Amino acid sequence: MTDLRTQVLRLLCDTVVPSIDHPDDADGFWARRASDVAADLGVLATVAAMPAEQREAVGALLDGLAAQGFLTAAQARREQILASAGPAVAPLAGLVLLLTYGMPDATGGNPNWTRLGYPGPAPRPAVALQRPITPLRPDGDLALEADAVVIGSGAGGGLIAGRLAAAGARVVVLEAGRYRSEADFRQFELEAYQQSYRRGGPTPTADQNITLMAGAGLGGGTVINWTNCIRTTDRVRRQWADEHGLTDVAGPDFDRHLDTVWRELSVTDRCSEFNRAHEAMHRGAEALGWSFATVHRNWDEKRHDALVAGGLGFGDPSGAKRSTVKVYLEPAVTGHGARVVDGCRVDRILTDRGRAAGVTGRWTSEDGRRSAAVTVRAPIVVLAAGALESPGVLLRSGIGGPAVGEHLRLHPCTVTLGDYGTDMRGWWGPPQAALIDEFAAVEDGYGFLMESVQYTTGLGASAMPFTTGAEHKEAMAGYRDFGSFIGLIRDRGHGRVTLDAGGETTAWYDLTDELDLRNTRRALEAEIRLHHAAGARGIRVLGHGLPPWRAGEDLEAFIARAGEIPLRAGGAVLFSAHQMGSCRMGADPATSVADPRGELHDTPGVWIGDASAFPTASGTNPMITIMALASRTAEMCLTG
């Protein structure tokens with residue numbers, strides 16, 4: 001970064017979040033610039049840490065801005081210059097907003113949180129802080145022997161490791177992320193992204209169409225997901241049995257796996273308090289005559305605290321969350337001798353005469369100063385690195401067949417905000433405590449669920465499309481009054497996962513399937529009508545080019561305009577927290593990676609143990625389905 005580029009970048013930060021004269025500014029919110037909370041320093045540090053190719057691309061963008069007179073232009077002209085840069089500037093603007101509204105200072109607060117009505121993370125519960133698992137820390141290259149090696153430790157991998165260890169198998173778990181326990185969780189948003197999310201937090205697909213949220217660490221997504229437990233629907237089970245060869249999934253044997261997982265996770269609906277967003281959802285559903293249900297959650301009632309639960313997507317310091325770490329991995333390690341290596345990226349699966357023989361990878365210390373080669377020899381390899389990373393292991397290994405990385409499903413989500421004119425206290429209570437499934441199978445077995453989301457300051461600000469500094473600040477000034485609904489579609493179409501030149505995975509997803517487009521537009525309409533029926537005085541669609549609706553305006557005209565927003569980069573803001581199907585099971589080796597039992601068609605002894613095994617999108621929050629399939633896969637591994 002040259003001095004000129006640094007100057008442009010700092011001014012860009014204060015253009016996105018400028019100082020504005022405003023009569024109602026007792027807390028300094030309107031006058032406060034991005035640089036006043038050191039967001040510019042955070043952006044500079046982030047750019048400096050980028051790979052050289054990305055850093056140079058940012059530099060070229062900054063050079064282009066400078067060439068247009070950015071450094072000497074007034075605020076309005078700088079905003080015009082940024083607008084002319086189009087999508088190229090959106091990631092930088094989003095980063096500025098993420099840091100400005102999400103980054104705590106040395107005291108653990110952020111001065112903008114006063115206006116947003118956010119009190120900061122809940123006080124830490126008075127619980128014993130423990131770290132029951134001690135991962136292996138190699139002093140040099142590490143070679144291990146095992147009966148089974150499990151790659152990944154999330155909803156699928158963690159359960160399978162626990163099952164195999166309890167059955168007497170010598171198990172090694174290799175996890176690319178780090179081990180965190182309640183001793184480590186402080187529920188700061190940006191810290192949590194760095195510690196417990198894949199690639200440091202929200203990450204767009206390569207085509208910029210969808211922002212991906214995925215867990216990374218021992219326990220995977222079960223450590224930071226929102227604990228919404230939904231059983232696999234009968235229609236999906238029948239489809240998997242009839243069309244993909246998983247015949248037993250439609251019968252009582254799979255019920256047994258679902259029931260067992262439900263019990264082991266202590267799933268309950270008695271810790272699902274409604275915050276004001278859920279109350280609005282309930283109110284709107286009743287007015288419209290739509291279905292409405294209280295969510296079941298994997299949660300320990302004895303440790304429950306609704307205030308702490310509000311931040312559970314940033315880690316649960318109370319120990320109430322029944323993650324795979326708590327339920328399966330801790331007993332596997334402390335009671336059955338399983339070994340865990342965290343910080344270990346698996347490069348490839350080893351084979352011998354066409355069968356699984358183990359894996360190789362590389363361990364790196366958390367400070368990045370030490371590394372070691374890791375080799376595990378084992379006749380059983382369970383691949384459960386998640387639907388975004390499992391295909392990468394197979395592609396680097398040259399096994400799995402032609403369908404590896406294909407059929408990626410994402411449950412793309414649209415987001416709408418209702419302005420209810422009162423503090424919604426969205427940071428209190430579990431993020432998802434209510435569910436509307438009125439439209440779950442609206443056409444040909446496909447449709448959408450309506451749910452709520454966790455309160456965030458940084459991600460919420462960065463997802464709010466930037467037009468001008470004043471308009472964005474106006475939206476954030478009323479942030480405390482917003483209640484958020486999402487429409488989560490069961491996608492029939494699909495994307496793919498490929499490898500880049502460095503051997504890392506890249507996800508691609510373009511929402512083009514005609515049924516998916518119809519259902520996404522139906523979801524947007526339903527979200528808008530739900531807010532309206534619940535009494536919202538204003539409604540925003542997270543998307544570019546659509547001004548918010550305000551009470552007294554034509555609602556039908558607003559819905560029509562919302563239906564015209566492009567469902568891609570530069571249009572609607574789309575999220576995915578559910579990635580599935582990229583190594584799917586099925587009877588046909590040409591269109592599936594694993595057979596109906598979960599074992600690779602072309603490499604016996606390699607089993608798929610995560611959501612990448614789904615033949616289609618589940619259409620529900622997938623954790624329970626992942627675990628039930630993993631329970632089934634563990635039995636298959638043990639019986640051969």
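Quick caveat: nothing in here was measured; it's all calculated off a predicted structure. The first residue of the sequence shown is numbered 1, and numbering continues consecutively from there.
Screening His407, Met580, Arg490, His494 for a side-chain contact (heavy atoms from CB on, under 4.5 Å) involving Thr616 leaves a single residue, Arg490.
A donor-acceptor contact closer than 3.5 angstrom links the side chains of Trp508 and Thr498. Between the side chains of Thr222 and Thr324, at least one donor N or O sits under 3.5 Å from an acceptor N or O. For the residue pair Ser390 and Asp610, a side-chain donor N or O sits within less than 3.5 Å of a side-chain acceptor on the partner. Looking at Lys321 and Asn225, their side chains do bring a donor and an acceptor atom within 3.5 Å of each other. Counted by atom type alone, Glu451 and Asn228 present one or more donor-acceptor pairs between their side chains at under 3.5 Å. A donor-acceptor pair shorter than 3.5 Å can be found between the side chains of His601 and Ser592. Side chains of Asp491 and Tyr509: a donor on one and an acceptor on the other come within 3.5 Å.
Counting only residues at least two apart or on different chains, the salt bridge (charged side-chain N to carboxylate O under 4.0 Å, His left out) pairs with a member in residues 626-638 are Asp248-Arg632, Arg256-Glu635. Within the structure, salt bridge (charged side-chain N to carboxylate O under 4.0 Å, His left out) contacts touching residues 298-310 (residues at least two apart or in different chains) are Arg270-Glu301, Asp300-Lys302, Asp300-Arg303. The side chain to side chain donor-acceptor pair (under 3.5 Å) pairs that include a residue from residues 139-150 are Asp147-Arg170, where partners are two or more places apart or lie in different chains. Legend: salt bridge (charged side-chain N to carboxylate O under 4.0 Å, His left out) pairs involving residues 354-367, not counting sequence neighbours, sorted by first then second residue: Arg180-Glu366. Annotation: salt bridge (charged side-chain N to carboxylate O under 4.0 Å, His left out) contacts involving residues 380-395, sequence neighbours excluded, comprise Arg198-Glu389, Arg199-Glu389.
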- Query: When you look at Thr134 and Tyr179, which way does the side-chain contact (heavy atoms from CB on, under 4.5 Å) test go after all the steps?
  - Reply: CA-CA 9 Å; Thr134 303; Tyr179 172 44; over 6 Å; no
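Using cut-offs of 30° and 60° for the angle between ring planes, the Trp262 and His296 rings count as tilted.
In this structure, the side chain to side chain donor-acceptor pair (under 3.5 Å) partners of Tyr193, at least two apart in sequence or on a different chain, are Glu189. Judged as a side chain to side chain donor-acceptor pair (under 3.5 Å), and not counting sequence neighbours, the contacts of Thr227 are Arg297. When the side chain to side chain contact (heavy atoms under 4.5 Å, CB included) test is applied to Ala167, the partners found at least two apart in sequence or on another chain are Leu638. Evaluation of the side chain to side chain donor-acceptor pair (under 3.5 Å) rule for Asn621 yields Gln432 as partners, not counting sequence neighbours. Residues meeting the side chain to side chain donor-acceptor pair (under 3.5 Å) test with Asp602, sequence neighbours left out: none. Remark: Phe614 pairs with Trp240 by the ring pair (Phe, Tyr, Trp, His ring centres under 6.0 Å) rule, at least two apart or across chains.
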Show every donor-acceptor pair shorter than 3.5 Å between a side-chain atom in residues 151-161 and any protein atom, with sequence neighbours excluded, or say none if there are none.
residue	atom	partner	partner atom	Å
Ser153	OG	Glu175	OE1	2.7
Ser153	OG	Gly219	N	3.0

